[in-house]
Amino acid sequence: LILLGAPGAGKGTQAEKICQKNNIPTISTGNILREALKSGTEMGLKAKSYMESGQLVPDEILIGIIQDRLAQEDCKNGFILDGFPRTIPQAEALDKMVKIDKVIDLEVSDEAIIARMSGRRVCEKCGATYHLLYKKPKAEGVCDICGGTLIQRKDDHPDTVKARLEVYHKETEPLIAHYKKQGVVKRVDGQEEVADTTRLTLAALEA
Ligand code: AMP
């Protein structure tokens, strides 16, 4: 299953819910890259400047990451992709690796995304996400799960969000047509409350 949608459309949040219900892993390429960056690997260093300016990391790096990850044991009964593919070459490479059953296209307007992302916070230790309005941590600035410090990602700053939306419209939106040709796309209105979006997403998966 692929979750498609602009940055901030709620792919990560919906992936968590689907994951709990179906017992399959979520693969977030953004999280994999952030981990690599934190542990200072060569891949992390290569990705850093792209990520911080809201640009896409080169396709060959991402295709390599996904190839390695999908080969792992826990993916054998299925998986959810959050943040991959993001370009036509990535989608074409993925088509050669696996058969995609469904693509959820989570639609949210650019205005709503800009408003949402300014309130987003993430745990610097475990990567759990929060929101100052919609998903507050129990104690301000502290992760409920691991006690880590909550920070605003550099790429969630307003100017970077605008750059990321431009990249999304140019590079990633064409994937909707790519997967429509395969007859696997379900459109979900992601503009509503999280619980409503989850209900719509689960219904789209069962349809
Ligand atoms: P995300 O958390 O999915 O928004 O990803 C954060 C950043 O990681 C993106 O803005 C890109 O710089 C990079 N990234 C994540 N996934 C991909 C991908 N599939 N292709 C290229 N860059 C990616």
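Remember, it's 1-based here, ligands and their atoms both numbered in the order they're listed. Numbers here are sequence positions counted from 1.
Side-chain contact between Pro85 and Leu175 is present, with heavy atoms from C-beta onward closer than 4.5 Å. By the 4.5 Å heavy-atom criterion applied to side chains, Lys154 and Thr160 are not counted as neighbours. By the 4.5 Å heavy-atom criterion applied to side chains, Tyr168 and Asp110 are not counted as neighbours. When side chains are defined from C-beta on, Tyr50 does not count as touching Asp155, because their heavy atoms never get closer than 4.5 Å.
Judged purely by distance below 3.5 Å, without hydrogens or angles, the side chains of Ser109 and Gln191 pair a donor atom with an acceptor atom.
Around ligand 1, the residues contributing at least one heavy atom under 4.0 Å from the ligand are Thr29, Gly30, Leu33, Arg34, Met51, Gln55, Leu56, Val57, Leu62, Gly83, Phe84, Arg86, Gln90, Arg153, Asp155, Arg164.
We find that Asp74 and Arg69 are joined by a salt bridge, their nearest charged nitrogen and carboxylate oxygen being less than 4.0 Å apart.
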